[in-house]
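We name chains A, B, ... by the order of the sequence lines, and we start the count at 1 in each one.
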2 protein chains.
Amino acid sequence: MTAPLQDAHQDSRTLADQVVERLQDDIVLGVLPPGTKLGEAELAARYGVSRGPLREAIRRLESRKLLERIPHVGTRVATLKLEDLIEIYRVREALEGMAARQAAENMSQAEIAGLWELLALHEQQQDLQEDTAYFQRAGDLDFHYRVIQGSHNRTLIDLLIDEIYHRVRMYRYQFSMTANRPRKALAEHRHIVEAIEARDGEMAELLMRRHISRARQYLEERQRRER
Amino acid sequence: MTAPLQDAHQDSRTLADQVVERLQDDIVLGVLPPGTKLGEAELAARYGVSRGPLREAIRRLESRKLLERIPHVGTRVATLKLEDLIEIYRVREALEGMAARQAAENMSQAEIAGLWELLALHEQQQDLQEDTAYFQRAGDLDFHYRVIQGSHNRTLIDLLIDEIYHRVRMYRYQFSMTANRPRKALAEHRHIVEAIEARDGEMAELLMRRHISRARQYLEERQRRER
DNA sequence: ATCAAGAATATTGTCGACAATTCAGCAACC
DNA sequence: GGTTGCTGAATTGTCGACAATATTCTTGAT
């Protein structure tokens, strides 16, 4: 009914793709809080599409574990418990460790230089102390994204980006989770890049695993405190 | 095989679910060879459903990387290159290593006993030399499957089962890949279970990683020979 | 003969309507 | 009073038809 406005010339993508993107943002950014019941008719109206493309979008986000669906009952926004996040960090430890190893083997000199620039930018922002929390969260993700891409392992990249990182982002927004140990984290990032630059895959993996393992231990600490 | 979770009741599953299962089997077992162009109307007729549920099934298998889809063009069965399989084995090395570590921490005594029984069965089959290739392939998957489950890490389990193992199975059927070093593999399996039983997570992870790494090196050897 | 442009065809994307299933509420019974 | 079975309202699952897009084939010119 609201279709004729944007006649598919700007976005050559399919309607379902656009809905996936918008719906995912609404979930990750918390516009649709965890546990929200999602009626198909309601959502279809919200995004101005029919139920067909909408259902397709729901399936995609379900496979990314952002939605939970029960046949004949309905769909709701996934509720991420701290326990789940700890499980995810175990997976991150394994996968990003391997990513760092392969990054040390496969990254180009230009990519490594880009990493150094990124770290310099982070350091500068930290000195200025302006909006530190926000930039540090985004910056941390930026760093990890780049190392993952640097592995040049398409399977690994897709797994981390499509299946893992959306949930990590959702959790961070949901709990307004500020970086818990910014200076130490930045120092660890630097050591990882040093190992990558030295083409020491084993060391890069070890350092990345310790880096993520420490973040997990912080979560486990918080979990113990919560009960 | 892939859905032992909720199979207790009748066929009350949705049509799309049934199509997913049948279509996935046809792909993994090679009934639909890699590269096959899949017309929606044709497939809908083949499985006796409308295009609606069929499209849903296609999306699910696309997200599992068993199908490749191009908007407005069509869907075809994914072609798995040896290069892709090597990437997958890197991911397996990381993820199953972590699975073995957590299995050593979390497996129950009953589960460990079950692992020993499984190994005894494999040994017996190997002595008899009956249909060794087939049983060894399935048996190897069984072993890894159980260790994965033993991690008691739902995120890790879902990742490996839903995103990785279907492609491994597809490749094995596709190339009639016989186990390349059965006796050694069985011995390595035993050592892994010993580490799990001793609750030595670090050792279990190390052994599992070496186990999978060796299989990857065999694939890389084969890759070099192919050109 | 080769290539380009345009029409014809086939396939996918989208939509609205109908059927099947679940859940809430109510009534009757133990 | 609590439980069980029924009824209906609402939501999801499925289907067939129509619109939009890509591919193929024809036709004409160089």
Are A/Arg59 and D/dT12 close enough that a side-chain N or O sits under 4.0 Å from OP1 or OP2?
-> no
Hey, does A/Ile58 reach any base, or is it just sugar-phosphate, or nothing, if we go heavy atoms under 4.0 Å?
-> nothing
Could you check how far CD of B/Glu42 sits from P of C/dA10, rounded to whole Å?
-> 15 Å
Side-chain N,O (B/Thr75) to OP1/OP2 (C/dT12) below 4.0 Å | no
For A/Ile70 and C/dT21, give me the distance from atom CD1 to atom P, rounded to whole Å.
-> 17 Å
Rounded distance in Å - CG (A/Leu43) to P (C/dC15) | 14 Å
Atom-pair distance (OH on B/Tyr47; C1' on D/dT14), nearest Å = 19 Å
Residue B/Glu40, side-chain atoms from C-beta onward, closest of D/dC15, C/dT12, D/dG13 = C/dT12
Look at all strands and tell whether A/Arg76 reaches a base, only sugar-phosphate, or nothing, counting heavy atoms closer than 4.0 Å.
-> nothing
With B/Asp140 as reference, evaluate B/Arg172, B/Arg146, B/Arg169 under the salt bridge (Lys or Arg N to Asp or Glu O under 4.0 Å) test and give the passing residue.
-> B/Arg172
State which of C/dC23, C/dA17, C/dT21 makes the closest approach to the side chain of A/His72.
-> C/dT21
With the side chain of A/Pro53 defined as its heavy atoms from C-beta on, choose the nearest nucleotide among D/dC15, C/dC15, D/dT14.
-> C/dC15
Of A/Pro71 and A/Ser50, the one whose closest DNA chain C nucleotide lies more 5' | A/Ser50
Distance in angstrom units between B/Leu54 CG and C/dT11 P, rounded | 14 Å
Check whether any side-chain N or O of B/Thr14 sits under 4.0 Å from OP1 or OP2 of D/dT12, and answer yes or no.
-> no
Closest to side chain of B/Arg51, choosing from C/dA17, D/dC15, C/dT14 = C/dT14
So, are A/Asp84 and A/Lys65 salt-bridged, with charged N and O less than 4.0 Å apart?
-> no
Side-chain atoms of A/Leu15 come closest, of C/dG13, D/dG13, C/dT14, to C/dT14
Is the shortest distance from a Lys or Arg side-chain nitrogen in B/Glu56 or B/Arg60 to a carboxylate oxygen in the other one below 4.0 Å?
-> yes
Per B/Arg55 side chain, nearest of listed nucleotides D/dG13, D/dC15, C/dT12 = C/dT12
Atom CZ of B/Arg69 to atom C1' of C/dG13: distance rounded to whole Å?
-> 10 Å
Between B/Arg216 and B/Glu220, is there a side-chain N and carboxylate O pair less than 4.0 Å apart?
-> yes
Calculate the interatomic distance between B/Lys37 atom NZ and D/dA22 atom C1'; express it in whole Å.
-> 10 Å
When the ring planes of B/Tyr165 and B/His144 are compared, do they come out parallel, tilted or perpendicular, using 30° and 60° as the limits?
-> tilted
Atom CG of B/Leu38 and atom C1' of C/dT11 are separated, to the nearest Å, by 13 Å
